[in-house]
Amino acid sequence: MVIGMATALAGCWRLPQSWSDPRGPVAREQLDLFNLSLYFALALGGLVSGVLLYILLKFRHREGEKREALQIHGNARLEMAWTLLPILILVIVSIPTVRLAFRAHTPDRPAEVKVRAIGAQWFFNFEYPELGITTSNELVIPTGKNVDLRVTSRDVIHSFWIPKLAGKFDMIPARENIMWVRADEPGMYFGHCAEFCGTAHAQMRFRVKAVTPEEFAAWVAARKKGAKVPTDPTALAGKALFEGAVKGRVTCFACHAVEGTVAKANIGPNLTNIGERSTLGAGLIPNTDEHLRQWIRDPQAIKPGARMPAHQHLTEEELTQIVTYLRSLK
Ligand code: CUA
């Protein structure tokens, strides 16, 4: 009961990952179910604690008192009551629980956007199979539309959770779990991996950016064109480095994809629109030139356990070139 009250209070603060501040139908129904269970727990906890307190006070030992309390064995009425009442409460709570278990993966109307969310140590890839585009760590969705989410993993078990929209759904290798979300209003919704998955589990975050349907259509159109080819000479030098064209320096293309270029690997996050994303390191730090430079030089210093190797051998000029190129990708 104490834990329930503490989490309920904690949830009341309208924090970015507060599940008691739902902004979509699935999260709202999940909160209603939580509240129903909480009210029963509070009522029962109050009743049991009250009776216990009453007995402790009423029958406490008093100075000079020798009388032993009346000893009884069995009470059919009481035993029936404390067996049947919990059964009744369990039945009442189980009806909306089972209903929600089905609703959480059955949209109330057909989904208009389909997304495959893939967990990996320690970031997320989001594929839009019908649109032919991929992004990482920042899922873009249109407001007011149902989004069908197929969640899976390519290594260990992760869990997909956007507290204000829906969750938690396990991301299991070689299996797709089905869920859906709908965001009522535009905004940035914070998500987190909710299953311990190794060293950087605590830093395995993502964001859901809900935009108006018009903005979403414009974003999709822009993304379908692939990455822009930079004209700036510094960015072009960075592109050459990124694509391994400068011998013995760096081979970013071996792990990352930038659609429309020779970089097609998917070992690390897809970087096609890295310049427009709000964070680096899977929701860890704001996406700025300086942070990107620090990230490329030594990712483990920012995110212990990160799979990306450090690139301490790069010169300041080379770092500037790569940063300029990546920041131009939007
Ligand atoms: Cu992925 Cu925890």
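The basis for the numbers below is simple: all heavy atoms, side chains too, and nothing from hydrogens, waters or symmetry mates. Both ligands and their constituent atoms are indexed starting at 1 by order of listing.
- In this structure, Arg277 has no salt bridge (Lys or Arg N to Asp or Glu O under 4.0 Å) partners at least two apart in sequence or on a different chain.
- Glu127 places no side-chain N or O within 3.5 Å of a backbone atom of Gly132 that could act as its donor or acceptor partner.
- Other residues, nucleotides and ligands place more than 12 heavy atoms under 6.0 Å from the NE2 atom of His61.
- Evaluation of the salt bridge (Lys or Arg N to Asp or Glu O under 4.0 Å) rule for Arg207 yields no partner, not counting sequence neighbours.
- Applying the 6.0 Å contact sphere to CD of Glu185 captures more than 12 heavy atoms from other residues, nucleotides or ligands.
- Shown here are the protein N/O/S atoms lying under 2.8 Å from atom 1 (Cu) of ligand 1, water excluded: His158 ND1, Cys193 SG, Cys197 SG, Met204 SD.
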For residues 88-96, which side-chain donor-acceptor pairs fall under 3.5 Å, sequence neighbours excluded?
residue, atom, partner, partner atom, Å
Ser94, OG, Leu90, O, 3.2
Ser94, OG, Val91, O, 3.0

